[in-house]
Amino acid sequence: MSFLSRVKQLFGGDKTLEEDSPVQTPEIAAELQQPAVSDTAQAVHQQAGSTRGELADFDILEELLIDAGIDVDTTMSILQEVRKGGLRGRPTGEQVIERIRAKLNSVFDLDSALHTTGSPAVILVTGVNGAGKTSSIAKLANMLKQQNRTVLLIAADTFRAGAVDQLVILAGRVGVPVMRSVEGQDPSSVVFNGLQKAVADKVDVAVIDTAGRLENKKNLTFELQKVVRVIETKFGLPLSETLLVIDATTGENALMQARAFSEAIPISGIILTKIDSGAKGGSIVSIARELHIPIKLVCNGETLMSIKPFDKDDIVNMILLSE
Ligand SMILES: Nc1nc2c(ncn2[C@@H]2O[C@H](COP(=O)(O)OP(=O)(O)OP(=O)(O)O)[C@@H](O)[C@H]2O)c(=O)[nH]1
Ligand SMILES: [Mg+2]
């Protein structure tokens, strides 16, 4: 049962609804009409027995929010929002959901536009192993190509055997050129060569793939900082975007990843991947709230077309509808 259904079950229907009906997507409206199903929330409800009442329900709501991957601080401020006055009596399920929705919307109120101006615009893509960097770069290149922008991919993951070949194959599918590298080459030298080519060829956007190695944090930090220095100082090009790829299925570790990478280099935005893989996505709320890093792109599958600009409603719905 989804988070949304559990809240609905906990707080009931709209019998006491006094204010305007909340705006609902058809999907959520359908969920809200589902009959209450016996599940954890109900079990907890029964367990609560004699203490059943508003306070017990708010305790259960707190558990549900934390279970959805939302951190304690955000959960507390959501609960405050939900409990605050203005409505006579106990809020209905719909009212609770709308207040949660409003809170999540305000957390995601950040600049989510992807900046691709510059000659060329330079986009650095980073993240842990397997987060989806290389595949997201191919999807992004495809998206930019469809917007009639010329693209050069720079293969600066010289750490993992096969990483360059993977990028070259994907670039071939998209139909964009790649600045290749060899295993073990200094990533910043590949970046330098790539940017020289991008400038010479008057390419609109250069996108840089990097190695994902959080476990070797010291080297990763050093390497990333050196790449940024080469781009901005040695080459004199401002970075249009430094995007951190976060796998939406990661859970609370995602916040730790975001903290670690943003300590190493300034992160301008997030590419949220694998939202098609049953992600709860609550951790992304913590990243937005604590680090104020906007999500810029969202990937929802393995095809080249499985990428789209961040849409607040989509992500809030993903969290509310998570199982
Ligand atoms: N279902 C799904 N799979 C994805 C998505 N994005 C990436 N993947 C898969 O995740 C796996 C890892 O993706 P990569 O792009 O190779 O990840 P990476 O961050 O470059 O990995 P390393 O180079 O090893 O650090 C691949 O099997 C991708 O197809 C997505 O949005 N949805
Ligand atoms: Mg890769």
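Numbers here simply count residues along the sequence, with the first being 1. In each ligand, atom 1 is the first atom listed, and ligand 1 is the first ligand listed. Reckoned from all heavy atoms, side chains included, excluding hydrogens, waters and symmetry mates. These numbers were taken from a predicted model, which means no experiment stands behind them.
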> Is Lys133 reaching over with its side chain to a backbone N or O of Gly127, donor-acceptor style, under 3.5 angstrom?
Replying inline: yes
> Polar-atom distance check: Ser136 versus ligand 1, any N or O pair below 3.5 Å?
Replying inline: no
> Just by modelled atom types, is the Cys299 backbone N or O under 3.5 Å from a matching donor or acceptor in the Ser306 side chain?
Replying inline: no
> At a 4.0 Å threshold, what atoms of ligand 1 neighbour a non-hydrogen atom of Asp157?
Replying inline: 23 (O)
> Backbone, side chain, both or neither: what part of Asp276 comes under 4.0 angstrom of ligand 1, heavy atoms only?
Replying inline: side chain
> What atoms in ligand 1 come closer than 4.0 Å to a heavy atom of Gly301?
Replying inline: 5 (C), 30 (C), 31 (O), 32 (N)
> Under 4.0 Å from any heavy atom of Val128, which atoms of ligand 1 are there?
Replying inline: 19 (O)
>> Looking at every heavy atom in both Asp71 and Ser286, which two are closest together, and how far apart are they?
In response: OD1-OG, 2.6 Å
> Is there a donor-acceptor contact under 3.5 Å from the side chain of Asp67 to the main chain of Glu63?
Replying inline: no
> Does Ser277 approach ligand 1 within less than 4.0 angstrom via side chain, backbone, both or neither, non-hydrogen atoms only?
Replying inline: side chain
> Which atoms of ligand 1 sit under 4.0 Å from any heavy atom of Arg160?
Replying inline: 22 (P), 23 (O), 24 (O)
> Which protein non-hydrogen atom lies closest to atom 18 (P) of ligand 1, naming both residue and atom, and how far is it?
Replying inline: Lys133 N, 3.3 Å
>> For the backbone of Ile123 and the side chain of Glu241, can you confirm whether one donor and one acceptor N or O come within less than 3.5 Å of each other?
In response: no
> Of all the atoms in ligand 1, which lie at a distance below 4.0 Å from a heavy atom belonging to Asn129?
Replying inline: 25 (O)
>> Any side-chain to backbone donor/acceptor pair from Lys296 onto Ala113? Under 3.5 Å, distance only.
In response: yes
>> What verdict does the side-chain contact (heavy atoms from CB on, under 4.5 Å) test give for Leu243 and Ser268, after you've listed the backbone C-alpha separation in whole Å, the side-chain angles of each residue and the deciding distance to 0.1 Å?
In response: CA-CA 6 Å; Leu243 300 176; Ser268 62; 4.2 Å; yes
> Yes or no on side chain to side chain donor-acceptor pair (under 3.5 Å) for Thr74 and Ser77, after CA distance, side-chain angles and deciding distance?
Replying inline: CA-CA 5 Å; Thr74 311; Ser77 69; 5.5 Å; no
> Minimum heavy-atom separation for Leu114 to Met143, with atom names?
Replying inline: CD2-CE, 4.4 Å
>> Only heavy atoms of Ser135, strictly under 4.0 Å: list the atoms of ligand 1 that pass.
In response: 6 (N), 7 (C), 13 (O), 14 (P), 15 (O), 28 (C)
> Picking from Leu167, Leu170, Asp209, Ile208, what satisfies side-chain contact (heavy atoms from CB on, under 4.5 Å) with Leu153?
Replying inline: Leu167
>> I'd like to check which ligand 1 atoms, numbered from 1 as shown, lie under 4.0 Å from a non-hydrogen atom of Lys139.
In response: 5 (C), 6 (N), 30 (C), 31 (O)
>> Is there a side chain to side chain donor-acceptor pair (under 3.5 Å) between Thr273 and Asp247? Walk through the geometry before answering.
In response: CA-CA 5 Å; Thr273 60; Asp247 174 343; 4.7 Å; no
> Can you tell me which residue and heavy atom of the protein come closest to atom 21 (O) of ligand 1, and the distance to 0.1 Å?
Replying inline: Gly130 N, 2.9 Å
> Under 3.5 Å, N or O to N or O, is Glu302 touching ligand 1 that way?
Replying inline: yes
> N/O/S of Asn129 less than 2.8 Å from the Mg ion (ligand 2)?
Replying inline: no
> Nearest protein heavy atom to atom 16 (O) of ligand 1, by residue and atom, and its distance?
Replying inline: Gln166 NE2, 3.0 Å
>> Among all protein heavy atoms in this structure, tell me which lies nearest to atom 11 (C) of ligand 1, with the distance rounded to 0.1 Å.
In response: Lys274 NZ, 4.1 Å
>> Does any N or O of ligand 1 fall below 3.5 Å from an N or O anywhere on Ala131, backbone included?
In response: yes
>> At under 4.0 Å between heavy atoms, is it the side chain or the backbone of Asp209 that contacts ligand 1, or both, or neither?
In response: neither
